[in-house]
Trainee: 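Okay, here's the structure, questions in a sec.
Below, each value reflects all heavy atoms present in this structure, side chains not excepted, and no hydrogens, waters or symmetry copies.
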Amino acid sequence: MQHFIVIGNPISHSKSPQIHHAFAKHTGLAISYQRQFCPDDKDSFVAVVQAFFHGGGVGANVTLPFKEIAYQLCVDTGNLSDEAACAKAVNTLAIKDGKLYGDNTDGRGLVADLIGQGVSLASSDVAIVGAGGATRGAILPLLKAGARLTIYNRTLTKAQSLATDFDALSKHPLSIKTLDELMRAKHDVIINATSATTHGQHLNLGNCQANFAYDMMYGKPSAFLAHFAAQNAKICDGYGMLIHQAAYAFELWTNQVITTDCLSQLKTA
(Lines give C-alpha, C1' and ligand atoms only; values in the text may rest on other atoms or scores of the structure.)
Protein backbone atom coordinates (compact mmCIF):
# COMPACT_ATOMS: atom_id res chain seq x y z
CA MET A 1 0.00 0.00 0.00
CA GLN A 2 1.27 3.47 -0.93
CA HIS A 3 1.01 6.23 1.67
CA PHE A 4 0.16 9.89 1.05
CA ILE A 5 -0.68 12.90 3.22
CA VAL A 6 -1.86 16.48 2.96
CA ILE A 7 -0.12 18.86 5.38
CA GLY A 8 -1.86 22.01 6.58
CA ASN A 9 -3.07 24.15 9.46
CA PRO A 10 -6.05 23.95 9.68
CA ILE A 11 -6.54 20.69 7.82
CA SER A 12 -9.75 18.99 9.05
CA HIS A 13 -11.77 20.59 6.22
CA SER A 14 -9.57 19.19 3.43
CA LYS A 15 -11.37 17.21 0.73
CA SER A 16 -8.10 15.79 -0.60
CA PRO A 17 -8.43 12.35 1.06
CA GLN A 18 -11.77 11.55 -0.58
CA ILE A 19 -10.56 12.87 -3.94
CA HIS A 20 -7.38 10.81 -3.94
CA HIS A 21 -9.11 7.70 -2.65
CA ALA A 22 -11.55 8.08 -5.55
CA PHE A 23 -8.57 8.29 -7.93
CA ALA A 24 -7.10 5.15 -6.35
CA LYS A 25 -10.37 3.24 -6.73
CA HIS A 26 -10.59 4.33 -10.37
CA THR A 27 -7.03 3.16 -11.11
CA GLY A 28 -7.08 0.01 -8.97
CA LEU A 29 -4.35 1.15 -6.59
CA ALA A 30 -4.23 0.46 -2.86
CA ILE A 31 -3.41 3.70 -1.04
CA SER A 32 -3.74 5.43 2.29
CA TYR A 33 -4.18 9.21 2.14
CA GLN A 34 -4.44 11.07 5.46
CA ARG A 35 -4.75 14.62 6.71
CA GLN A 36 -1.68 15.78 8.66
CA PHE A 37 -2.02 18.74 11.02
CA CYS A 38 1.23 20.63 11.54
CA PRO A 39 2.10 23.46 13.95
CA ASP A 40 2.52 26.72 12.07
CA ASP A 41 6.31 27.00 12.00
CA LYS A 42 9.09 25.99 9.63
CA ASP A 43 10.86 23.54 11.93
CA SER A 44 7.67 21.56 12.54
CA PHE A 45 6.90 21.43 8.83
CA VAL A 46 10.39 20.23 7.93
CA ALA A 47 10.19 17.57 10.66
CA VAL A 48 6.84 16.29 9.35
CA VAL A 49 8.12 16.12 5.76
CA GLN A 50 11.34 14.36 6.72
CA ALA A 51 9.59 11.84 8.97
CA PHE A 52 6.99 11.07 6.32
CA PHE A 53 9.41 10.39 3.48
CA HIS A 54 11.99 8.64 5.68
CA GLY A 55 9.14 6.36 6.76
CA GLY A 56 8.42 5.33 3.19
CA GLY A 57 5.79 7.89 2.24
CA VAL A 58 5.29 8.35 -1.49
CA GLY A 59 3.80 11.83 -1.85
CA ALA A 60 2.56 14.80 0.14
CA ASN A 61 0.26 17.65 -0.72
CA VAL A 62 0.90 20.99 0.96
CA THR A 63 -1.78 23.55 1.73
CA LEU A 64 -1.92 26.78 3.72
CA PRO A 65 0.14 28.12 5.36
CA PHE A 66 3.09 25.98 4.23
CA LYS A 67 3.38 26.36 0.44
CA GLU A 68 6.16 28.96 0.61
CA ILE A 69 8.02 27.00 3.30
CA ALA A 70 7.81 23.88 1.11
CA TYR A 71 9.21 25.90 -1.79
CA GLN A 72 12.19 27.08 0.26
CA LEU A 73 12.82 23.55 1.54
CA CYS A 74 13.05 22.31 -2.06
CA VAL A 75 15.32 25.23 -3.00
CA ASP A 76 17.63 24.33 -0.12
CA THR A 77 17.61 20.53 -0.34
CA GLY A 78 15.98 19.38 -3.58
CA ASN A 79 14.57 20.38 -6.94
CA LEU A 80 11.58 22.24 -8.36
CA SER A 81 9.32 22.03 -11.39
CA ASP A 82 9.16 25.11 -13.64
CA GLU A 83 5.69 25.85 -12.30
CA ALA A 84 6.83 25.72 -8.68
CA ALA A 85 9.91 27.83 -9.42
CA CYS A 86 7.76 30.52 -11.03
CA ALA A 87 5.06 30.33 -8.36
CA LYS A 88 7.63 30.39 -5.54
CA ALA A 89 5.26 27.99 -3.82
CA VAL A 90 4.92 24.21 -3.66
CA ASN A 91 1.70 22.25 -3.21
CA THR A 92 3.02 18.78 -4.12
CA LEU A 93 6.07 16.94 -2.76
CA ALA A 94 7.67 13.71 -3.94
CA ILE A 95 11.04 12.00 -4.00
CA LYS A 96 12.60 12.15 -7.46
CA ASP A 97 16.09 10.90 -8.30
CA GLY A 98 16.73 10.49 -4.59
CA LYS A 99 15.95 14.11 -3.75
CA LEU A 100 12.93 16.04 -2.53
CA TYR A 101 11.00 17.37 -5.52
CA GLY A 102 8.47 20.20 -5.35
CA ASP A 103 5.74 20.90 -7.88
CA ASN A 104 2.89 23.38 -8.07
CA THR A 105 -0.17 21.90 -9.75
CA ASP A 106 -2.61 24.68 -8.80
CA GLY A 107 -2.27 26.74 -11.98
CA ARG A 108 -2.44 23.71 -14.26
CA GLY A 109 -5.53 22.63 -12.35
CA LEU A 110 -7.11 26.02 -12.98
CA VAL A 111 -6.33 25.91 -16.71
CA ALA A 112 -7.59 22.33 -17.03
CA ASP A 113 -10.86 23.27 -15.33
CA LEU A 114 -11.34 26.35 -17.50
CA ILE A 115 -10.76 24.32 -20.65
CA GLY A 116 -13.12 21.66 -19.33
CA GLN A 117 -15.75 24.38 -18.94
CA GLY A 118 -15.40 25.18 -22.63
CA VAL A 119 -13.25 28.28 -22.20
CA SER A 120 -10.82 28.97 -25.04
CA LEU A 121 -7.75 30.61 -23.51
CA ALA A 122 -5.63 31.05 -26.65
CA SER A 123 -5.42 34.81 -27.30
CA SER A 124 -8.27 35.40 -24.82
CA ASP A 125 -8.38 38.55 -22.72
CA VAL A 126 -8.04 37.15 -19.19
CA ALA A 127 -8.10 39.22 -16.00
CA ILE A 128 -6.96 38.10 -12.56
CA VAL A 129 -8.01 39.98 -9.44
CA GLY A 130 -5.30 39.92 -6.78
CA ALA A 131 -1.52 39.70 -6.85
CA GLY A 132 -0.80 37.15 -4.12
CA GLY A 133 0.39 33.57 -4.20
CA ALA A 134 -2.71 32.23 -5.96
CA THR A 135 -2.17 34.61 -8.86
CA ARG A 136 1.56 33.89 -9.05
CA GLY A 137 0.81 30.18 -9.27
CA ALA A 138 -1.68 30.67 -12.10
CA ILE A 139 0.31 32.97 -14.40
CA LEU A 140 2.71 30.52 -16.08
CA PRO A 141 0.02 27.92 -16.98
CA LEU A 142 -2.26 30.67 -18.30
CA LEU A 143 0.57 32.10 -20.40
CA LYS A 144 1.38 28.63 -21.73
CA ALA A 145 -2.28 28.33 -22.74
CA GLY A 146 -1.89 31.54 -24.78
CA ALA A 147 -3.89 33.94 -22.62
CA ARG A 148 -3.31 37.71 -22.62
CA LEU A 149 -3.26 38.71 -18.94
CA THR A 150 -4.32 41.74 -16.96
CA ILE A 151 -3.70 41.80 -13.21
CA TYR A 152 -5.82 44.01 -10.96
CA ASN A 153 -4.61 44.76 -7.46
CA ARG A 154 -5.03 47.35 -4.74
CA THR A 155 -1.32 48.16 -4.75
CA LEU A 156 0.37 48.44 -8.14
CA THR A 157 3.87 47.76 -6.82
CA LYS A 158 3.02 44.17 -5.87
CA ALA A 159 1.33 43.54 -9.22
CA GLN A 160 4.23 45.16 -11.08
CA SER A 161 6.64 42.82 -9.35
CA LEU A 162 4.68 39.88 -10.78
CA ALA A 163 4.72 41.43 -14.26
CA THR A 164 8.47 41.93 -14.08
CA ASP A 165 8.99 38.28 -13.15
CA PHE A 166 6.83 36.94 -15.97
CA ASP A 167 7.14 39.40 -18.85
CA ALA A 168 10.02 37.47 -20.43
CA LEU A 169 7.78 34.38 -20.63
CA SER A 170 4.86 36.14 -22.31
CA LYS A 171 4.25 36.99 -25.95
CA HIS A 172 2.14 39.90 -24.71
CA PRO A 173 3.29 42.19 -21.85
CA LEU A 174 1.24 41.69 -18.71
CA SER A 175 -1.07 44.61 -18.07
CA ILE A 176 -1.24 46.00 -14.52
CA LYS A 177 -4.25 47.98 -13.30
CA THR A 178 -5.83 49.20 -10.07
CA LEU A 179 -9.02 47.93 -8.48
CA ASP A 180 -10.64 51.28 -9.37
CA GLU A 181 -10.03 50.47 -13.05
CA LEU A 182 -11.63 47.06 -12.54
CA MET A 183 -15.00 48.70 -12.00
CA ARG A 184 -15.07 49.87 -15.65
CA ALA A 185 -13.41 46.82 -17.20
CA LYS A 186 -14.64 44.23 -19.68
CA HIS A 187 -12.85 40.92 -20.27
CA ASP A 188 -13.41 37.54 -21.89
CA VAL A 189 -12.53 35.76 -18.65
CA ILE A 190 -12.12 37.13 -15.14
CA ILE A 191 -10.66 35.15 -12.22
CA ASN A 192 -10.93 36.01 -8.54
CA ALA A 193 -7.65 34.99 -6.90
CA THR A 194 -8.24 37.00 -3.71
CA SER A 195 -9.46 35.58 -0.40
CA ALA A 196 -12.54 37.84 -0.42
CA THR A 197 -14.99 34.94 -0.78
CA THR A 198 -13.37 32.95 2.03
CA HIS A 199 -13.65 35.93 4.39
CA GLY A 200 -17.13 36.99 3.26
CA GLN A 201 -15.85 40.24 1.79
CA HIS A 202 -17.21 42.05 -1.26
CA LEU A 203 -15.01 43.33 -4.05
CA ASN A 204 -16.27 46.59 -5.53
CA LEU A 205 -16.84 45.46 -9.11
CA GLY A 206 -18.88 48.47 -10.25
CA ASN A 207 -19.84 47.89 -13.89
CA CYS A 208 -17.19 45.24 -14.53
CA GLN A 209 -18.26 42.80 -17.26
CA ALA A 210 -17.03 39.40 -18.41
CA ASN A 211 -18.21 36.49 -20.51
CA PHE A 212 -16.93 33.95 -17.99
CA ALA A 213 -16.22 34.48 -14.29
CA TYR A 214 -14.22 32.06 -12.12
CA ASP A 215 -13.72 32.19 -8.36
CA MET A 216 -10.77 30.09 -7.15
CA MET A 217 -12.51 29.68 -3.80
CA TYR A 218 -15.33 27.17 -3.31
CA GLY A 219 -17.75 26.02 -0.65
CA LYS A 220 -19.02 29.47 0.32
CA PRO A 221 -21.40 32.00 -1.29
CA SER A 222 -19.49 34.18 -3.75
CA ALA A 223 -20.54 37.79 -4.20
CA PHE A 224 -17.97 37.89 -7.02
CA LEU A 225 -19.78 35.18 -8.99
CA ALA A 226 -23.19 36.63 -8.13
CA HIS A 227 -22.18 39.92 -9.77
CA PHE A 228 -21.49 38.20 -13.09
CA ALA A 229 -24.39 35.79 -12.84
CA ALA A 230 -26.65 38.86 -12.79
CA GLN A 231 -25.22 39.68 -16.24
CA ASN A 232 -26.04 36.16 -17.46
CA ALA A 233 -22.32 35.41 -17.74
CA LYS A 234 -21.17 31.83 -17.26
CA ILE A 235 -19.75 31.32 -13.76
CA CYS A 236 -17.76 28.63 -11.94
CA ASP A 237 -16.20 28.17 -8.51
CA GLY A 238 -12.85 26.55 -7.77
CA TYR A 239 -13.95 23.02 -6.85
CA GLY A 240 -13.02 21.74 -10.31
CA MET A 241 -9.60 23.38 -9.93
CA LEU A 242 -9.12 21.43 -6.68
CA ILE A 243 -9.93 18.15 -8.43
CA HIS A 244 -7.72 18.82 -11.45
CA GLN A 245 -4.70 19.93 -9.38
CA ALA A 246 -5.11 16.75 -7.33
CA ALA A 247 -5.14 14.67 -10.53
CA TYR A 248 -1.82 16.18 -11.62
CA ALA A 249 -0.32 15.37 -8.21
CA PHE A 250 -1.66 11.80 -8.35
CA GLU A 251 -0.13 11.35 -11.80
CA LEU A 252 3.26 12.61 -10.56
CA TRP A 253 3.23 10.13 -7.67
CA THR A 254 1.77 7.05 -9.40
CA ASN A 255 2.19 7.56 -13.17
CA GLN A 256 -1.56 6.99 -13.44
CA VAL A 257 -3.54 9.44 -15.61
CA ILE A 258 -7.03 10.21 -14.31
CA THR A 259 -9.64 9.99 -17.05
CA THR A 260 -12.11 12.73 -17.95
CA ASP A 261 -14.98 10.47 -16.86
CA CYS A 262 -13.55 10.08 -13.37
CA LEU A 263 -12.95 13.83 -13.06
CA SER A 264 -16.51 14.57 -14.21
CA GLN A 265 -17.97 12.13 -11.69
CA LEU A 266 -16.07 13.78 -8.86
CA LYS A 267 -17.22 17.26 -9.89
CA THR A 268 -20.87 16.21 -9.75
CA ALA A 269 -20.60 14.03 -6.62
Side-chain angles (χ1 to χ4, degrees), residues 64-65 67-69 71-72 75 80 82-91 104-111 113-114 119 121-217 222-225 227-228 233 235-238 241 245:
L64 297 176
K67 291 183 181 183
E68 289 78 16
I69 295 175
Y71 163 80
Q72 193 59 51
V75 169
L80 294 162
D82 290 343
E83 287 79 6
C86 286
K88 295 184 179 180
V90 162
N91 78 332
N104 190 309
T105 65
D106 286 331
R108 279 175 284 158
L110 168 66
V111 167
D113 196 32
L114 288 169
V119 176
L121 292 170
S123 299
S124 288
D125 178 13
V126 178
I128 308 179
V129 186
T135 294
R136 178 176 283 277
I139 290 176
L140 181 61
L142 285 168
L143 291 178
K144 285 184 174 181
R148 291 179 286 112
L149 296 182
T150 300
I151 300 173
Y152 290 92
N153 199 53
R154 183 169 287 105
T155 56
L156 288 182
T157 52
K158 190 172 184 180
Q160 188 58 56
S161 176
L162 280 179
T164 301
D165 288 346
F166 285 95
D167 267 343
L169 302 174
S170 177
K171 294 180 181 178
H172 311 281
L174 274 68
S175 179
I176 304 301
K177 296 186 178 181
T178 66
L179 290 184
D180 287 341
E181 292 175 283
L182 176 65
M183 293 188 286
R184 302 180 296 276
K186 184 174 182 179
H187 294 279
D188 297 327
V189 179
I190 188 165
I191 301 164
N192 178 27
T194 74
S195 59
T197 297
T198 299
H199 296 132
Q201 299 169 341
H202 287 231
L203 292 167
N204 189 354
L205 295 168
N207 294 315
C208 183
Q209 300 177 48
N211 298 323
F212 188 100
Y214 193 99
D215 195 330
M216 286 190 184
M217 304 300 113
S222 171
F224 176 85
L225 293 182
H227 171 89
F228 295 101
I235 62 171
C236 186
D237 70 11
M241 175 181 170
Q245 66 82 23

Trainee: Could you give the distance from NE2 (His227) to CG (Leu203), rounded to the nearest 0.5 Å?
Mentor: 10.0 Å

Trainee: At what distance, to the nearest 0.5 angstrom, does CE of Met241 lie from CG of Asp106?
Mentor: 4.5 Å

Trainee: Residues in side chain to side chain contact (heavy atoms under 4.5 Å, CB included) with Lys158, at least two apart?
Mentor: Ala131, Asn153, Thr155

Trainee: Identify the two heavy atoms, one from Asn104 and one from Ala87, that lie closest to each other, and give their separation to 0.1 Å.
Mentor: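 Here Asn104 and Ala87 meet closest at ND2-CB, 3.6 Å.
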
Trainee: Is the shortest distance from a Lys or Arg side-chain nitrogen in Lys144 or Glu83 to a carboxylate oxygen in the other one below 4.0 Å?
Mentor: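 Yes, this pair counts.
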
Trainee: Dump the intermediate steps for side-chain contact (heavy atoms from CB on, under 4.5 Å) on Leu174 and Leu143, then the final yes or no.
Mentor: CA-CA 10 Å; Leu174 274 68; Leu143 291 178; 4.3 Å; yes

Trainee: Look at the side chain of Thr135 and the backbone N and O of Gly130, then say whether any donor-acceptor pair between them is shorter than 3.5 Å.
Mentor: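 Present.
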
Trainee: For Ser123 versus Arg148, what's the shortest heavy-atom pair and its separation?
Mentor: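 Shortest heavy-atom contact: O-NH2, 2.8 Å.
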
Trainee: Do you know the tightest heavy-atom contact between Ile139 and Leu149?
Mentor: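 Taking Ile139 first and Leu149 second, the nearest heavy atoms are CG2-CD1, 3.9 Å.
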
Trainee: Kindly say whether Gln245 contributes a backbone atom to a donor-acceptor pair with the side chain of Arg108 at under 3.5 angstrom?
Mentor: no

Trainee: Out of Leu80, Leu140, Asp165, which residue meets the side-chain contact (heavy atoms from CB on, under 4.5 Å) rule with Cys86?
Mentor: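 The residue from Leu80, Leu140, Asp165 that satisfies side-chain contact (heavy atoms from CB on, under 4.5 Å) with Cys86 turns out to be Leu140.
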
Trainee: Using only atom types and a distance under 3.5 Å, with no angle test, would you say the side chain of Asp215 pairs donor to acceptor with the backbone of Leu225?
Mentor: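 Looks like no, no N/O pair under 3.5 Å.
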
Trainee: What's the spacing between Leu156 CG and Leu179 CG if we round to 0.5 Å?
Mentor: 9.0 Å

Trainee: Should Val119 and Tyr214 be marked as a side-chain contact (heavy atoms from CB on, under 4.5 Å) after you check the CA-CA gap, both sets of side-chain angles, and the distance that decides it?
Mentor: CA-CA 11 Å; Val119 176; Tyr214 193 99; over 6 Å; no

Trainee: Against Ile190, only a single residue in Ile128, Asp125, Val129, Thr150 fulfils side-chain contact (heavy atoms from CB on, under 4.5 Å); can you say which?
Mentor: Val129

Trainee: What closest approach, in Å, do Tyr152 and His187 show between heavy atoms, and which atom pair accounts for it?
Mentor: OH-NE2, 2.7 Å

Trainee: For the CD atom of Gln160 and the CD1 atom of Ile151, what is their distance to the nearest 0.5 Å?
Mentor: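 Reported value, rounded in 0.5 Å steps: 9.0 Å.
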
Trainee: Of all the heavy-atom pairs spanning Ala193 and Ala134, show the shortest one and how long it is.
Mentor: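 Heavy atoms only, the tightest pair is O-CB, 3.7 Å.
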
Trainee: Which residues pass the side chain to side chain contact (heavy atoms under 4.5 Å, CB included) test with Ser124, not counting sequence neighbours?
Mentor: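 Ser124 satisfies side chain to side chain contact (heavy atoms under 4.5 Å, CB included) with Val126, Asp188 only.
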
Trainee: Taking all non-hydrogen atoms of both residues, which atom of Pro141 and which atom of Ala138 are closest, and how far apart?
Mentor: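 Taking Pro141 first and Ala138 second, the nearest heavy atoms are CD-O, 3.3 Å.
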
Trainee: Between Phe212 and Leu114, is a side-chain contact (heavy atoms from CB on, under 4.5 Å) present by the stated rule, with each step listed?
Mentor: CA-CA 9 Å; Phe212 188 100; Leu114 288 169; 3.6 Å; yes

Trainee: So how far is it from Ser222 OG to Phe228 CZ, rounded to the nearest 0.5 Å?
Mentor: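 Here the interatomic distance stands at 9.5 Å.
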
Trainee: Residues two or more places apart in sequence or in another chain: which of them pass side-chain hydrogen bond (donor to acceptor under 3.5 Å, both in side chains) with Gln72?
Mentor: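 side-chain hydrogen bond (donor to acceptor under 3.5 Å, both in side chains) check on Gln72 returns Asp76.
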
Trainee: Which value, rounded to the nearest 0.5 Å, describes the distance between Asp113 atom CG and Asp237 atom CG?
Mentor: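 Rounded to the nearest 0.5 Å, the CG-CG separation comes to 8.5 Å.
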
